[in-house]
Amino acid sequence: MKAIVDCNSFYCSCERLFRPELAKRPVVVLSNNDGCIVSRSDEAKSLGIEMAGPYFMAKRVIEDNGVAVFSSNYTLYGDLSMRVMDTLREIAGKDAVEVYSVDEAFVDLSIIPEEELYETAKYIKDMVEMWTGISVSIGVAPTKTLAKLANYIAKKNKEASGCVTVLATPEQQREALQQTRVNNLWGVGGAYARKIYDMGITNGWELATMSEAWAHRFLGGVVGVRLIKELRGEEAVDMKEELVEKRMIATTRMFGSTVTDINDIKEAVATYTSRAAEKLRRQHSAARVISVFVVTGEQDYSLGFNRGGTISKQATLPVATSKTQELIKPAVALVDELYKRGTEYKKAGVMLSGLVTDTSIQGNIFLSETKNCERRLMDTIDNVNFSQRDDMLKFAASGTDRDWKMRQEKRSPRYTTRWDELFEVS
DNA sequence: TCTGGGGTCCTAGGACCC
DNA sequence: TCTGGGGTCCTAGGACCC
């Protein structure tokens, strides 16, 4: 059996941890640029505030009901996430935990007898709450997909479930599937849900009884077959061994306001490249391919995000590198190729791919002394920026005034990671 | 007149997730 | 006025090879 441990309204819970007076007040957290609502407390949900809805459209409800609003504070959430994951590893053992996202982890419970699953899950929940102050919901079942379903059910009625649901027997699984619409299943998104409804299938149980051949034909080949198997209790999505390195690294942002000047775009792209290069070095990789994209003018939000005019260009480097200078140069050159005078730009991004292990990491005796120096320069920059302020040291190409910088007006202090923002007890 | 049957690698794009 | 920012996996199709 497997458990999925999922933090309740994670970002909101993080904010409340340091503002206990908000415990009963509705809370929401906004995306970058203060654009969308990405986390809602239960009280905010019951006010009808939509997940991923635009902030400006919910503003009225928010003001009328005294909802507390925060810009996202990823430094804080990242640190608390680490504490939650460390707690799980402490309880279940390092190898039994697979971190799935910032607020979720799968835990292998195969050594626990069936009749003790509920108590075990409850224990995990209590310990996480006691050690980190973050409340979680837990779903337990034979496969990842069914565990996600169990968790969905636990969250739907927290009072009745105590935030823990176990679907250990085929009967329990069947009942759960029957009462769940297909669009709420893990692995069924908007496109598949529509397709499935059109074929007259509405609940999870009906889907689980379809043939694998049918799934292969209509639900994306092997992906659909895996989904059907998982729903029947047959493991098809494995636990991953220790976190693998990323195969692609991206840094992209909307601009705070529309930008037309090529130099602003170059500064933004240089800044994003620096960020991406830091991520690259953190996982000891080097990149062979760099691509830059820009998004112009109006986007059609009826079709979802980022469907508007995206143009991109990529360059393949002669040698894979993790050095900021060597990445900024081609990135800026790509902007020259993409840029059109008189166009309004809303967003830009940098993607690094073709990742390989960085061989320049420990000074290499076959490399010239200058190469080793550059490597040490990167380490120094990363250290200063990590321990002091995010962009205390940066390349001149990143600019200094930043008209294009994103909005972030309501961010809370980084209580746990910055000396000058520590939580104070009086 | 008539022109195989594999393989690999790469890219673009679609679907999904949080 | 005002709508994140990351990621993953898979498939199809084209180029090229023998």
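The structure presented is a predicted model; accordingly, all values stated were derived computationally and were not measured.
- Closest to the side chain of Met248(A), from the set dC18(B), dG5(C), dT8(C), is dT8(C).
- Using a 4.0 Å cut-off between charged side-chain N and carboxylate O, Glu104(A) and Lys144(A) make no salt bridge.
- The residue Lys144(A) sits apart from the nucleic acid: no heavy atom pair falls under 4.0 Å.
- Of the listed nucleotides (dC16(B), dG6(C), dC9(C)), dC9(C) has the atom at the smallest distance from the side chain of Arg247(A).
- The CG atom of Asn33(A) sits 10 Å away from the C1' atom of dT3(C) (whole-angstrom rounding).
- Listed nucleotides dG7(C), dC17(B), dA12(B) differ in distance to Trp186(A); the shortest reach to its side chain belongs to dC17(B).
- Checking dA12(B) for Watson-Crick or G-U wobble geometry (two distances, each under 3.5 Å) identifies dT11(C) as its partner.
- Checking dT3(C), dG5(C), dC16(B) against the side-chain heavy atoms of Cys36(A) singles out dT3(C) as nearest.
- Rounded to a whole Å, the CG atom of Asn73(A) is 15 Å from the C1' atom of dG4(C).
- Taking every side-chain heavy atom of Ala191(A) into account, dC16(B) is the closest of dG6(C), dG4(C), dC16(B).
- Regarding Phe218(A), its CZ atom lies at a distance of 19 Å from the C1' atom of dC16(B), rounded to whole Å.
- Nucleic acid contact class of Gly190(A) (heavy atoms, under 4.0 Å, all strands): sugar-phosphate only.
- OP1 or OP2 of dG5(C) has at least one side-chain nitrogen or oxygen of Lys347(A) nearer than 4.0 Å.
- Residue Ser31(A) has its side chain nearest to dG4(C) when only dT3(C), dG4(C), dG6(C) are considered.
- When the side-chain nitrogen and oxygen atoms of Lys279(A) are compared with OP1 and OP2 of dG6(C), one or more of them lie within a distance under 4.0 Å.
- Pair assignment for dG6(B): dC17(C), on the basis of Watson-Crick or G-U wobble contacts that are both within less than 3.5 Å.
- Contact check, Lys195(A) against dA15(B): no side-chain N or O comes under 4.0 Å of OP1 or OP2.
- To the nearest whole angstrom, the two C1' atoms, one in dG4(B) and one in dC16(C), are 16 Å apart.
- For the atom pair NZ of Lys45(A) and CZ of Arg40(A), the computed distance is 5.5 Å after rounding to the nearest 0.5 Å.
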